[in-house]
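Below is one structure; the comments refer to it alone.
Here is how names work: the chains are called A, B, and so on, in the same order as the sequence lines, proteins then strands, and each is numbered from 1.
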Number of protein chains: 2
Amino acid sequence: MNGNTNLERERDQLVALAMQVIERRGAEISKAELASEAQLSRARIDQFFPEETDLFDAIVDQWFSPLVVIMEEVLASNLPPNRKMYEFFARRFLQQRDRFRADPAAFTLYCELGNQHWERVRSYVDLGDHYLSELIAQSQADGYFPGLKIDEALSLINQMVVSYTQPMLLIIIDERLSEAKLARIIDTVFAGLSATDRGAAVVTGLRVA
Amino acid sequence: MNGNTNLERERDQLVALAMQVIERRGAEISKAELASEAQLSRARIDQFFPEETDLFDAIVDQWFSPLVVIMEEVLASNLPPNRKMYEFFARRFLQQRDRFRADPAAFTLYCELGNQHWERVRSYVDLGDHYLSELIAQSQADGYFPGLKIDEALSLINQMVVSYTQPMLLIIIDERLSEAKLARIIDTVFAGLSATDRGAAVVTGLRVA
């Protein structure tokens with residue numbers, strides 16, 4: 001068991017080293033390069049990361065684990081649905097913003113790597129959707145979002161708060177984003193989102209004056 | 001006057017040629033390169049584009065002019081505020097989506113060039129904000145968005161519909177965007193957006209169960 005813990009610690013150290021190298025070079029690192037940087041044999045690296053993708057997955061895991069902790073804590077809380085949904089987005093936004101402001105270049109690089117390896121990131125985005133669906137179901141039990149299917153509400157809410165979840169937007173419009181604005185958006189969603197057609201779109205098209 | 005029209009036509013043809021070259025090469029074009037491509041003297045090119053930035057500005061102008069026409073037509077229409085706001089975003093979204101789907105690589109390239117030369121694009125974004133502010137004022141005259149300053153409503157609405165205005169998001173989540181969803185978002189904004197604090201955020205922080 002102690003041996004297992006030592007292995008885990010060594011693996012964590014290798015992931016941390018890989019991330020340092022990525023940030024220093026501004027590019028991905030292969031297992032061969034990690035072996036050289038760590039002055040370890042390739043066989044030793046293979047013990048920790050059998051496949052090339054295992055190293056990248058470990059870095060992705062490192063990146064997302066604090067966000068997963070936030071989601072699980074919020075879901076487990078006893079707050080009312082609107083408070084839960086605000087915290088669900090606000091706490092992750094603040095965590096991401098801290099990371100971005102601490103090192104904008106590294107943050108931008110990880111976003112680009114995430115975009116390039118979207119299939120390795122997708123399960124975390126799906127997990128976020130899973131938790132948000134649970135929040136939507138709880139909200140609907142309290143009478144919010146009447147008439148909408150969970151998937152419809154999910155897609156609409158994701159779109160309305162995308163400024164606070166999409167890292168690329170954080171990079172572009174950081175100074176326009178705030179917890180106060182996010183709170184107003186969540187309040188707007190809870191006050192106004194429903195399946196009721198209130199007439200913004202009509203089939204007759206635009207009549208110009 | 002006829003001479004002037006001929007000059008304008010020649011200038012438009014040079015802009016069109018520059019855009020063809022940009023799309024073919026996947027990179028910007030200089031005035032010197034345009035002269036070579038068009039088999040014209042550098043002096044002739046200078047007549048149309050005195051500064052290097054004038055060529056890029058002409059391309060930006062070409063890109064945005066149909067979007068400006070849409071905004072002006074919608075503003076001049078006699079629709080109610082919620083219908084106007086929907087058309088204001090929906091028509092530009094559809095125009096951008098047509099462009100994207102017709103040639104995803106070229107669309108992505110122009111987005112990247114726009115990001116790199118943000119200062120040349122900014123005036124068009126500011127114009128959009130100007131028109132949206134006018135729509136917000138008209139909406140508030142009808143009782144919508146109570147208590148919010150125009151600039152506050154402007155920023156919140158821009159954030160809630162950013163999926164339909166930010167070209168980079170169109171590239172990433174095209175298949176998740178639709179006019180029906182945009183209509184629900186605009187309906188939600190008109191039903192729910194106000195200065196009233198409905199309690200999504202509270203100062204006491206998250207109490208975990």
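- For chain A, the option among B:Ile185, B:Asn158, B:Thr196, B:Ile186 with the highest count of heavy-atom pairs below 4.5 Å is B:Ile185.
- Chain B forms more heavy-atom pairs under 4.5 Å with one residue of A:Thr188, A:Val161, A:Ile173, A:Asn115 than with any other, namely A:Thr188.
- Heavy-atom contacts from other residues, nucleotides or ligands closer than 6.0 Å to CZ of B:Arg25 number more than 12.
- Neither the backbone nor the side chain of B:Glu179 comes within contact range of chain A; no heavy atoms are under 4.5 Å apart.
- For the options A:Met85, A:Glu152, A:Met160, A:Gln166, heavy-atom pairs under 4.5 Å to chain B are most numerous at A:Met160.
- Shown here is A:Glu119, whose CD atom has more than 12 heavy atoms of other residues, nucleotides or ligands within 6.0 Å.
- Partner of A:Gln159 under the side-chain contact (heavy atoms from CB on, under 4.5 Å) criterion, chosen from B:Leu177, B:Val162, B:Leu182: B:Leu177.
- For the pair B:Met168 and A:Ile172, the minimum side-chain heavy-atom distance is below 4.5 Å.
- Ranked by heavy-atom pairs under 4.5 Å with chain B, the first of A:Ala191, A:Ser194, A:Gly192 is A:Gly192.
- Across all their heavy atoms, B:Ala200 and A:Arg83 have their closest contact at O-NH1, 2.7 Å.
- Listed for the A:Arg184 side chain is a donor-acceptor partner under 3.5 Å among the backbone atoms of B:Ala195.
- In this structure, A:Arg176 places its CZ atom where only 12 or fewer heavy-atom neighbours from other residues, nucleotides or ligands lie under 6.0 Å away.
- No donor-acceptor distance shorter than 3.5 angstrom exists from the side chain of A:Asp187 to the backbone of B:Asp197, with no hydrogens or angles considered.
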